[in-house]
Amino acid sequence: MSKDNLILQAKGLEKSYKMGATRVEVLKGVNLDVQKGEFVAIIGASGSGKSTLLHILGALDRPDKGTVCFEGRDLNRMFAGTKIRTWISWTLMFGLLSKILRTGAKELHGDINEFRNKMVGFVFQFYHLLDELNVLENTTLPAMASRSIFGWFGARKWANSRAEELLNQFALGERIKHKPYQLSGGERQRVAIARALMNEPRLLLADEPTGNLDSATGSGILDVLEKLNEAGQTIVMVTHDDRIARRAGRVITLADGRING
Amino acid sequence: MYKLILAMRYLLKRRITYFAVLAVALCVFIVVIVMTVMTGLVRDFKQKNHDFAGDCIVGSESLVGFAYYEDFVKELEQNQFIEGVSEVIKSYALLSPQGRDVSRGVEIIGIDPVRHSRATGFGRTLYYRKNNVEKAFAPSYDPNLLGCVLGIDLALDRHADSGYSYYDSPVRLGLAITCFPLTARGALAGAATAPVNTKTFYYSDHSHSGLARVDDSVVYLPFDQAQALCGMAGATKRINAIHVKFKGGVELQAGCDRIRRLWQEFKADKSGESQAYLLDTVTVQSWKVYRRTLIAAMEKEQTMMGVMFGFVGIVTVFIVLVVFYMLISHKSKDIGVLRSIGASKVDIIELFAGFAFMVGGLGALVGVLGGWQFLLKINKIEDWLFENFGYQVWDRTMFAIGDIPNEVSPKVLAAIVVAAIAACLIGALVPSWQAIRLKPTETLQVNQL
Ligand SMILES: Nc1ncnc2c1ncn2[C@@H]1O[C@H](COP(=O)(O)OP(=O)(O)OP(=O)(O)O)[C@@H](O)[C@H]1O
Ligand SMILES: [Mg+2]
């Protein structure tokens with residue numbers, strides 16, 4: 001495959017956690033390329049660092065060493081840019097100068113929050129829906145997050161219809177006014193997937209999306225993911241279950257802090 | 001947008017936030033009431049003192065008084081910024097009702113009622129002659145008799161519930177006033193012959209200044225009579241004080257400074273006179289300084305109240321802080337989720353600041369409305385308490401206040417509301433600051449365990 005098709009390129013990722021006096025080295029130099037349109041499954045034993053890797057790929061966390069490039073843009077630089085922007089916000093608060101400086105920093109480095117908002121969608125094992133919001137609101141949350149109140153009034157119609165479309169697609173059309181606690185696990189996970197897809201991300205990252213579900217329900221979720229992949233969605237999924245992993249296009253194994261095969 | 005929605009939902013769905021709102025409301029309620037009553041009392045008290053004294057007092061503490069005042073009064077009256085000038089005799093005397101062998105000590109104040117009413121609020125404190133001040137010393141039962149105006153507590157009985165019992169006209173009552181005339185050197189004037197002067201005056205009216213000390217110990221006498229009684233009416237006449245009122249718009253301090261300069265010049269002019277030494281005892285004071293011992297005590301009380309309720313405010317900050325701490329640690333997962341979909345740290349702070357603003361605003365609103373309603377009924381409530389349980393917040397037989405002041409000042413209310421909201425923002429700051437310091441992956445992991 002050509003290099004233009006590369007959506008994600010991780011090089012030499014290292015990550016360790018301090019546990020009291022000792023350091024746990026979780027990732028010891030992970031290299032990973034993901035092509036556009038791929039469905040990649042990462043498997044590995046519990047504690048092997050799958051979630052850690054996924055978080056780093058989705059810019060939820062930073063590696064100690066190594067780089068992640070997303071469509072050729074270095075995430076480390078984006079983190080640095082956001083740090084500058086946040087610092088400007090604290091020191092200058094509001095005002096024109098603050099705005100100019102923040103815009104400048106964004107142009108220069110990009111913004112990690114915008115990246116999380118637009119480029120990737122996360123699906124977590126434990127759904128992580130907000131209890132206070134109903135299904136529709138949970139789904140439109142990413143669209144709300146990037147908009148001011150006025151921006152939201154302009155975009156609300158579009159966002160609601162997109163969310164309803166997604167929810168209908170996942171057979172949740174009847175439940176848009178329900179609260180998360182009124183839904184089953186499988187339903188909640190489908191809401192979480194709808195939320196992750198809300199802003200049409202280039203990359204969908206799923207951390208054991210079926211880990212908390214019985215096999216039939218889990219299989220249903222996988223059907224959803226497969227269908228999305230067929231429609232062109234790039235997906236990286238973490239699991240520790242071989243059978244589930246087999247349904248992905250490519251399976252990579254994380255063991256001893258490295259990727260084998 | 002989600003910040004607003006989420007902040008609202010947190011407010012409505014989390015029972016613990018009701019406690020925060022309630023705490024804020026309660027605190028605001030108390031502060032509104034106490035501040036209103038306290039500032040009202042202090043303002044009333046100051047006003048009464050101001051009415052009693054006029055704007056500026058040129059006077060001597062010495063009972064001997066000072067001479068040559070006529071020239072200075074003339075000079076003052078030529079000044080455009082002065083509204084009224086009143087010469088005053090102040091001394092002590094014995095008062096005994098005619099035909100009875102009892103006497104008590106009183107303060108006497110000798111005035112021209114019309115001039116004194118122009119310089120102070122004296123005229124407004126009268127009862128029968130309120131609209132007829134020039135007749136203040138003419139008893140209605142016999143205008144030819146020498147009248148005197150008594151402090152209201154010397155004239156009438158006060159009841160705890162209904163105030164004073166007034167009569168349609170003053171009862172005929174003669175009062176013997178005995179004074180100790182002093183020479184310009186401060187010796188008893190008639191020591192060899194008759195050391196005291198006694199004269200009988202008839203109760204013509206009473207004065208209700210609202211100042212307890214004044215109302216139960218002052219007797220106003222006609223100026224000339226008082227001057228003679230005190231031995232100040234000789235060849236070189238003396239008085240104890242000149243009360244001055246400024247025209248509207250004259251700033252108190254500036255006016256007093258001008259009078260002080262005039263007095264210095266006047267004193268220099270008179271330095272060659274035989275009784276010039278008396279002028280050295282004279283000071284020029286604004287009414288605030290003149291009555292400072294009384295006002296300062298009251299203001300001190302107000303300050304102490306302010307400090308005490310400052311502490312109440314700190315407690316509120318603490319309650320809000322605890323509530324927010326609990327709420328945010330419950331909601332750390334939400335913060336992780338929001339961060340994972342692209343909410344920035346600033347967004348998270350704004351979310352909780354908005355929430356704090358709502359808690360503070362709602363609490364303040366409830367507290368202000370509650371306090372306001374309570375204040376509107378505070379006198380009814382006190383009456384009811386008195387009727388049913390004999391309880392008064394201020395025992396009216398001791399305290400010279402009428403109704404409890406309940407006039408809410410929009411400025412005070414605004415300040416309290418702003419302070420309440422600020423307290424909530426401060427209380428929310430620490431926990432939300434901690435929340436954004438957590439990495440999103442950590443907050444998401446906590447719930448996975
Ligand atoms: N914030 C953290 N602090 C300390 N140690 C951590 C932290 N996050 C992860 N670890 C450790 O890193 C290792 C890898 O964790 P990770 O969650 O990536 O594993 P995993 O492969 O996803 O496991 P599982 O299949 O159970 O989800 C574990 O040993 C874990 O204890
Ligand atoms: Mg995991």
Side-chain angles (χ1 to χ4, degrees), chain A residues 51-52 54-56 58-62 82-83 85-86 89-90 93 102 111-122 124-134 137-138 140-153 155-156 179 192 195-196 198-199 205 207-208 211-212, chain B residues 1-18 327-355 357-358 425 429-430 432-449:
Chain A
S51 298
T52 306
L54 201 72
H55 290 154
I56 290 173
L60 267 192
D61 206 351
R62 306 181 61 171
T82 302
K83 206 163 196 167
R85 279 163 59 81
T86 309
S89 297
W90 290 152
M93 300 300 282
R102 277 185 293 158
D111 180 25
I112 208 72
N113 294 315
E114 196 178 295
F115 174 81
R116 287 176 190 155
N117 185 246
K118 300 235 153 58
M119 297 297 165
V120 294
F122 260 103
F124 303 97
Q125 181 179 353
F126 288 89
Y127 334 123
H128 288 328
L129 302 175
L130 302 192
D131 306 331
E132 277 80 12
L133 303 182
N134 65 28
E137 289 162 338
N138 263 298
T140 53
L141 200 57
M144 282 195 251
S146 56
R147 287 182 174 83
S148 67
I149 293 183
F150 302 109
W152 174 244
F153 277 113
R156 193 173 58 177
K179 289 282 165 67
R195 178 179 67 189
M198 181 67 205
N199 279 349
L205 299 170
D207 192 350
E208 312 213 24
N212 214 26
Chain B
M1 180 62 200
Y2 69 97
K3 292 175 220 161
L4 207 65
I5 296 178
L6 261 184
M8 292 275 261
R9 297 285 162 84
Y10 287 166
L11 188 69
L12 297 174
K13 296 280 152 77
R14 297 276 136 187
R15 197 165 307 158
I16 189 159
T17 61
Y18 293 139
L327 188 102
I328 289 176
S329 55
H330 264 105
K331 288 284 146 202
S332 63
K333 185 197 84 181
D334 290 17
I335 296 168
V337 171
L338 291 172
R339 302 274 281 126
S340 81
I341 60 159
S344 69
K345 291 183 179 184
V346 182
D347 289 334
I348 301 294
I349 291 275
E350 280 175 0
L351 165 65
F352 287 108
F355 176 59
F357 189 87
M358 287 182 195
L425 289 177
L429 200 67
V430 178
S432 41
W433 190 261
Q434 279 197 328
I436 59 157
R437 281 181 38 173
L438 289 174
K439 283 188 190 166
T441 52
E442 281 168 357
T443 59
L444 290 172
Q445 214 144 29
V446 171
N447 284 49
Q448 284 187 12
L449 295 178

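The chains referred to below are lettered A, B, ... by the order of the sequence lines, with proteins before strands, and numbering in each begins at 1.
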In sequence, state the C-alpha distance, the side-chain angles, and the governing distance for A/D131 and B/H330, and then conclude on side chain to side chain contact (heavy atoms under 4.5 Å, CB included).
-> CA-CA 11 Å; A/D131 306 331; B/H330 264 105; over 6 Å; no

Pick one of side chain, backbone, both or neither for B/V337, based on which atoms fall under 4.5 Å of a heavy atom in chain A.
->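 Only the side chain of B/V337 comes within 4.5 Å of chain A.
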
Heavy-atom contact with chain A under 4.5 Å, split by part of B/I436 |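 Just its side chain gets close to chain A.
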
Validation row: B/T441, A/T52 side chains within 4.5 angstrom (heavy atoms) =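 No, side chains not in contact.
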
Side chains of A/H128 and B/D334: closer than 4.5 Å at any heavy-atom pair?
->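 With C-beta onward as the side chain, the pair stays apart.
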
Name all residues meeting the ring-ring contact (aromatic ring centres under 6.0 Å, His included) criterion together with B/F357; count only those two or more places apart in sequence or in a different chain, and write none if there are none.
->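 For B/F357 there are no ring-ring contact (aromatic ring centres under 6.0 Å, His included) partners, ignoring immediate neighbours.
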
With a 4.5 angstrom heavy-atom cut-off, could you sort out which part of A/R85 is near chain B: side chain, backbone, both or neither?
->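 Contact with chain B: none, neither part.
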
Atom group of A/L129 that falls short of 4.5 Å from chain B, counting heavy atoms |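 A/L129 touches chain B through backbone heavy atoms alone.
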
Checking B/K439 side chain against A/R62 main chain: does a donor-acceptor pair fall under 3.5 Å?
->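 Side chain of B/K439 to backbone of A/R62, a donor-acceptor pair under 3.5 Å: no, none is there.
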
Between the main-chain N or O of B/I341 and the side-chain N or O of A/N117, is there a donor-acceptor pair closer than 3.5 Å?
->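 A pair under 3.5 Å: yes.
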
Out of curiosity, A/D61 CG to B/S340 OG, how far, rounded to the nearest 0.5 Å?
->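 Result: 12.5 Å between the selected atoms.
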
If you round to the nearest 0.5 Å, how far is CZ of B/R339 from CZ of A/F122?
->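 Here the rounded value is 13.0 Å.
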
Relative to chain A, which of B/G336, B/S344, B/A343 shows the most heavy atom pairs under 4.5 Å?
->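 The residue among B/G336, B/S344, B/A343 with the greatest pair count is B/S344.
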
Start with the C-alpha distance between B/K331 and A/L130, add both sets of side-chain angles, then the distance that settles side chain to side chain contact (heavy atoms under 4.5 Å, CB included), and finish with yes or no.
-> CA-CA 9 Å; B/K331 288 284 146 202; A/L130 302 192; over 6 Å; no

